Amino acid sequence: MLNLFEPLKIKDITIKNRIGMSPMCQYAYQDGMANDWLKVHLGARAVGGVGLILTEATAVEARGRISPFDLGIWRDEQIAPLKSVVDFINQQGAVAGIQLAHAGRKACTMPPFNGGKPISNDNFLWWQAVAPSDIPFSELHQKPVCLTLEDLLIIKNSFKAAAVRALTAGFQWLEVHAAHGYLLHSFLSPLSNHRDDEYGGSFENRIRLLLEVIESIKIVWPENLPLTVRISGTDWVEGGWTVFDSVQLAITLKEAGVDLIDCSSGGMVPKADIPVGSGFQVFISDKVKAEAKIKTAAVGLITAPAQADTIIRLGQADMVLLGRELLRNPYWPIKAAKKLGSSIQVSKYYERAY
Ligand SMILES: Cc1cc2nc3c(=O)[nH]c(=O)nc-3n(C[C@H](O)[C@H](O)[C@H](O)COP(=O)(O)O)c2cc1C
């Protein structure tokens, strides 16, 4: 029977266990450049035995940043500092993955620790946000500019160019961020996409941009490396994106060559009735995996070793991603192995600490 410490092989890449670090924005960078903070933030969890280390949302365009201090991959100068982080992660026996992102209409805000509010247009830090339709995310957010067909070509090319840079930096796993109300999710959901061209209206039209982004990435991303997508499995709002939609999307993404769906949820509207609780999104991963017959990752309030192990044993997901629990305890995998009675060596250096 599969368990949390069973390796996971996708294409030519083997992750040593089923534990991944979920992407978590740090808002710690100037001009999108990776730095020591990123190396320590990700590196500590690699030392702690996490099999797959995912970067936070990494902007493919400067206007696609959530805040002015986001990590970025829109310029060649951003490759070298990222490579140094990737090399360190690899030296710990972990696989390094990158989350490529565009914030869309949720761009141009201050980091949470500076209040998290949208930046006003009289501030020199301000820039114009873009979206499928000119509907702001909230009353506080700026009105985004509606993207033209020409703009969409530019965005697809930005994802493609970012994938080339990611490859040059040494990443072996690529995740496209199509969740949490950011640009690609905002095309998927009927709540934010009111277009009347071929990118809006029907389900087929709303998923078109994501599919074209995947297609353009696939031109440059090697066939032997995993390509994955994070989705919001549901908007948790009447009239929004549903788990049923997610299954249909996952079937299409599988046909398009996507290897795994990372199943998160929410983020489309400022206030939604979300039943937040232990493992509250696991049912999405379970359903997408069973019905679309594609590999999945489960995420969201997975904190206990037995809980994570059970998700894998029951086949509800192929891997689990941990966010805040890894912030609290970077060496969680070592502790988990001990608790689960596994004799596996999780981390080369810190085994004796437990
Ligand atoms: C500080 C912080 C930053 C986050 N940044 C991102 C991000 O960049 N991309 C993303 O897809 N999710 C992001 N998330 C969501 C996490 O990846 C994860 O899905 C969520 O925290 C639920 O998992 P957890 O309960 O294990 O923390 C962030 C969460 C936190 C707490």
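Quick note: numbers below take in every heavy atom, side chains included, and nothing from hydrogens, waters or symmetry partners. On a predicted model such as this, the values are computed, not experimentally measured, just so you know.
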Q: Check whether any side-chain heavy atom of Q26 sits under 4.5 Å from a side-chain heavy atom of L71, and report yes or no.
A: no

Q: Report yes or no: does N205 contribute a side-chain atom to a donor-acceptor pair with the main-chain N or O of G200 at less than 3.5 Å?
A: yes

Q | Within-4.5 Å side-chain heavy-atom neighbours: L100 and I73 | A | yes

Q: State, with a plain yes or no, whether a side-chain heavy atom of L249 is found less than 4.5 Å away from one of L210.
A: yes

Q: Give a yes-or-no answer on whether the side chains of K83 and T168 include a donor-acceptor pair shorter than 3.5 Å.
A: no

(Q) Taking K338's backbone N and O only, do any of them form a donor-acceptor pair with S342's side chain (distance below 3.5 Å, no angle check)? (A) no

Q. Any chance the side chains of Q316 and S285 put a donor and an acceptor closer than 3.5 Å?
A. no

Q | Side-chain (N193) to main-chain (Y199) donor-acceptor, under 3.5 angstrom | A | yes

Q: Run the salt-bridge test on K218 and E215 with the 4.0 Å N-O cut-off and return the result as yes or no.
A: no

Q: Spell out, as yes or no, whether a donor-acceptor pair under 3.5 Å connects the side chain of R45 to the backbone of P330.
A: no

Q | Residues in ring pair (Phe, Tyr, Trp, His ring centres under 6.0 Å) contact with F203, at least two apart in sequence or another chain | A | W241

Q) So, S192 side chain and S186 main chain: donor-acceptor pair closer than 3.5 Å or not? A) yes

Q: Check the pair D259 / K295 against salt bridge (charged side-chain N to carboxylate O under 4.0 Å, His left out), numbers first and verdict last.
A: CA-CA 7 Å; D259 300 298; K295 289 192 172 57; over 6 Å; no

Q) Between D151 (side chain) and T148 (backbone), is there a donor-acceptor pair under 3.5 Å? A) yes

Q. Is the side chain of S232 donor-acceptor paired with the backbone N or O of G266 at a distance under 3.5 Å, no angle test?
A. yes

Q.
What I'd like to find out is whether the side chain of L260 reaches to under 4.5 Å of the side chain of I294, using heavy atoms alone.
A. no

Q. Can I66 and C25 be said to form a side-chain contact (heavy atoms from CB on, under 4.5 Å), step by step?
A. CA-CA 9 Å; I66 303 166; C25 282; 3.9 Å; yes

**Q.** Any side-chain heavy-atom pair of C108 and Q142 under 4.5 Å
**A.** yes

**Q.** Any D134 side-chain heavy atom under 4.5 Å of V145 side chain
**A.** no

Q) Taking atom types as modelled, is there a side-chain donor on D70 or S67 under 3.5 Å from an acceptor on the other? A) yes

Q.
Per the ring pair (Phe, Tyr, Trp, His ring centres under 6.0 Å) rule, what does the pair list look like for residues 126-157, sequence neighbours excluded?
A. F137-H141

Q: Not counting sequence neighbours, list each pair that qualifies as a ring pair (Phe, Tyr, Trp, His ring centres under 6.0 Å) and has a residue in residues 145-192.
A: H177-H180, H177-Y182

Q) Measuring from R18:CZ to D318:CG, what's the distance to the nearest 0.5 Å? A) 6.0 Å

Q. Can you check whether W221's main-chain N or O pairs, donor with acceptor, with K160's side chain at less than 3.5 Å?
A. no

Q | Any side-chain heavy-atom pair of V47 and Y331 under 4.5 Å | A | yes

Q) What is the distance from atom CD1 of I284 to atom CD1 of I231, rounded to the nearest 0.5 Å? A) 7.5 Å

(Q) With a 3.5 Å distance limit and no angle check, can you tell me whether K9 reaches the backbone of K11 through a side-chain donor-acceptor pair? (A) yes

Q. Under a 4.0 Å N-O cut-off, is there an ion pair linking R208 with E198?
A. no

Q | Polar side-chain atom of R105 near backbone of K143 as donor-acceptor pair, under 3.5 Å | A | no

(Q) Regarding S347 and Q92, do their side chains bring together a donor and an acceptor under 3.5 Å, going by distance alone? (A) no

Q: Calculate, to the nearest 0.5 Å, the distance between atoms NE2 and CD1 belonging to H41 and I53 respectively.
A: 8.5 Å

Q.
Assess, by modelled atom type and distance only, whether the side chains of S265 and W236 contain a donor and an acceptor separated by less than 3.5 Å.
A. yes

(Q) Taking atom CZ as the centre, does F280 end up with more than 12 heavy-atom neighbours from other residues, nucleotides or ligands that are less than 6.0 angstrom away? (A) yes

Q.
Please determine whether the number of non-hydrogen atoms from other residues, nucleotides or ligands lying under 6.0 Å from atom CG of D273 exceeds 12.
A. no

Q: Please determine, by modelled atom types, if D245 and T242 share a side-chain donor-acceptor pair under 3.5 angstrom.
A: yes

Q. In this structure, are over 12 heavy atoms from other groups packed under 6.0 Å from K287 atom NZ?
A. no

Q: Step through the shown structure and confirm whether more than 12 heavy atoms of other residues, nucleotides or ligands are within 6.0 Å of CG on N157.
A: yes

Q: Would you give the length of the straight line joining atom NZ of K335 to atom CG of L340, rounded to the nearest 0.5 angstrom?
A: 11.0 Å

Q. Roughly how far, to the nearest 0.5 Å, is CG of L149 from CG of L153?
A. 8.0 Å

Q.
Under a plain distance cut-off of 3.5 Å, with no hydrogens placed, do D262 and T228 share a side-chain donor-acceptor pair?
A. no

**Q.** Pair R230, S22: side-chain N/O donor-acceptor within cut-off below 3.5 Å
**A.** yes

(Q) Taking the side chain as everything from C-beta on, heavy atoms only, tell me whether L52 gets closer than 4.5 Å to M319. (A) yes

Q) How long is the gap from CG on D286 to CD1 on I311, to the nearest 0.5 Å? A) 9.5 Å

Q | Q78 and Y29: side chain donor to acceptor below 3.5 Å | A | no

